[in-house]
Amino acid sequence: MEAIVKKRIKQVLKGDQDAYAEVVEIYGEKVFQICYRMLGNRHEAEDIAQEAFLRAYVNIHSFNINLKFSSWLYRIATNLCIDRIRKKKPDYYLDAEVAGTDGLTMYSQIASDTSLPEDDVESLELQETIQREISKLPEKYRTVIVLKYIEELSLNEISKILDLPLGTVKTRIHRGREALRNQLRHV
Amino acid sequence: MKCPAEMIIYMHEYLDEEISAENEQELRAHLQSCKECQTHFHELRKTIALVQSTSHINVPSDFTAKVMAKLPKEKRKVGFQRWVRHHPLFTAASLFIVLMAGSLFSSWEQDHEFSVSKQPNLIVQNDTVIVPKGEVVKGDVTVKNGKIQIEGQVEGDVTVINGEKYLASAGQVTGEIKEVNAIFDWLWYHIKKTATEVVSIFDQEEPEAAK
Ligand SMILES: [Zn+2]
């Protein structure tokens with residue numbers, strides 16, 4: 001995968017814009033996933049994910065071709081998510097938590113027309129709860145939890161993406177897990 | 001009961017798969033005997049399972065297309081190279097015309113002066129050419145390095161080279177409106193113009209030859 005991506009990046013570097021489409025195709029899903037879990041809102045996630053690819057494209061010449069492209073891309077995406085979270089004013093924050101379930105609520109509304117079986121409704125509610133609790137985590141814990149458990153990345157990779165010492169990543173994962181445990185233990 | 005403080009740390013080390021055999025032994029032994037830590041450990045594992053159970057959210061199907069549309073415009077060079085690759089025969093043929101038009105590059109470099117084709121009822125204000133309301137301008141209007149504001153009617157084509165056009169709702173252009181802004185467009189415009197001229201030369205020559 002990385003080999004194809006690097007080939008495409010070299011083409012992009014030569015100025016062939018079309019070659020970038022395949023890169024977006026390969027990582028779109030993952031970047032969107034990170035953004036969605038970080039921001040808890042489908043619309044914002046799409047917005048930021050697009051922005052991440054745009055930034056990566058514009059700064060592609062500064063990417064070191066010998067490194068892993070995905071790490072570089074995820075770093076751009078997580079930084080944008082963190083910026084977005086920080087920009088939210090405290091009063092907006094409450095809205096954001098409600099909005100955090102946007103995507104899923106939208107789906108449950110659509111779904112309710114087609115009358116879902118009981119189990120599915122229950123699981124949708126559970127999904128909303130989990131996402132809401134993830135959204136409540138302070139962003140530094142949220143980032144590591146998302147990268148570790150949604151993207152299933154190794155601690156080493158997370159430390160590279162976030163440019164943090166491995167020890168710091170470990171501590172944040174531990175604290176993030178403990179915070180989530182407190183929030184989700186009675187679910 | 002007071003639990004050893006490191007038990008929680010061991011739990012996390014275990015979850016990160018970074019626990020030493022020795023510590024794991026210790027943790028297991030403690031969990032056997034301590035209800036409280038058992039619950040804590042169980043809750044941690046449950047939390048992870050819950051987070052991992054969140055379903056995959058599908059990325060919108062037009063995501064790639066949207067990103068591609070947002071990218072800054074590709075440098076003409078590569079677009080042109082790709083185009084050449086796909087149209088080799090036409091390229092060879094047009095190379096002849098390009099060579100003829102070669103001198104145009106230098107004329108583009110020097111040619112930053114504002115200019116406009118001369119028609120009696122055009123109003124020129126600084127670098128803006130105005131087709132006044134209610135007036136009819138006959139013939140093609142060409143504006144270079146300036147703006148055109150069309151409030152009246154133009155009976156012919158309007159060409160704006162390296163400038164902007166503004167068409168008022170009452171404004172009207174009977175011919176084509178063309179905007180030429182990059183050097184590539186500029187060259188292309190001249191190739192097309194040359195081609196049309198070549199064609200019209202042949203058109204004119206034919207009746208003469210028939211005489
Ligand atoms: Zn204990």
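Just so we're on the same page: letters track the sequence lines, and every chain starts at 1. Because the structure is a prediction, the values reported are computed rather than measured.
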[X] versus chain B, the contacting section by heavy-atom distance below 4.5 Å:
X: A45(A); result: neither
X: E25(A); result: both
X: L180(A); result: both
X: V31(A); result: neither
X: E51(A); result: neither

Starting at [atom1] of [X], measure out to [atom2] of [Y] and round the result to the nearest 0.5 Å.
X: D16(B); Y: K148(A); atom1: CG; atom2: NZ; value: 5.0 Å
X: E29(A); Y: H56(B); atom1: CD; atom2: NE2; value: 3.5 Å
X: R175(A); Y: H12(B); atom1: CZ; atom2: NE2; value: 10.5 Å
X: T54(B); Y: L126(A); atom1: OG1; atom2: CG; value: 9.5 Å
X: T64(B); Y: Y20(A); atom1: OG1; atom2: OH; value: 10.5 Å

Above 12 or not: heavy atoms from other molecules or residues under 6.0 Å from [atom1] of [X]?
X: Q25(B); atom1: CD; result: no
X: K6(A); atom1: NZ; result: yes
X: R75(A); atom1: CZ; result: yes
X: K70(B); atom1: NZ; result: yes
X: K46(B); atom1: NZ; result: yes

Side chains of [X] and [Y]: closer than 4.5 Å at any heavy-atom pair?
X: L54(A); Y: V67(B); value: no
X: E43(B); Y: L184(A); value: no
X: R177(A); Y: T47(B); value: no
X: R37(A); Y: I57(B); value: yes

Pair K170(A) + E13(B), salt bridge at N-O below 4.0 Å: no
Charged N-O contact under 4.0 Å between D47(A) and K66(B): no
Between Q127(A) and S55(B), a side-chain donor and acceptor under 3.5 Å: yes
Contact leader toward chain A among M11(B), H40(B), H42(B), E18(B), where contacts are heavy-atom pairs under 4.5 Å: H40(B)
Aromatic ring pairing F32(A)/F63(B), orientation class (parallel under 30°, perpendicular over 60°, tilted between): tilted
Option in Q183(A), E152(A), E178(A) with maximal non-hydrogen atom pairs under 4.5 Å from chain B: E178(A)
Residue selection (most heavy-atom pairs with chain B, distance under 4.5 Å) from E133(A), H174(A), E46(A): H174(A)
N/O donor-acceptor pair under 3.5 Å between Q33(A) side chain and V59(B) backbone: no
Heavy-atom proximity to chain A below 4.5 Å, by part of T39(B): neither
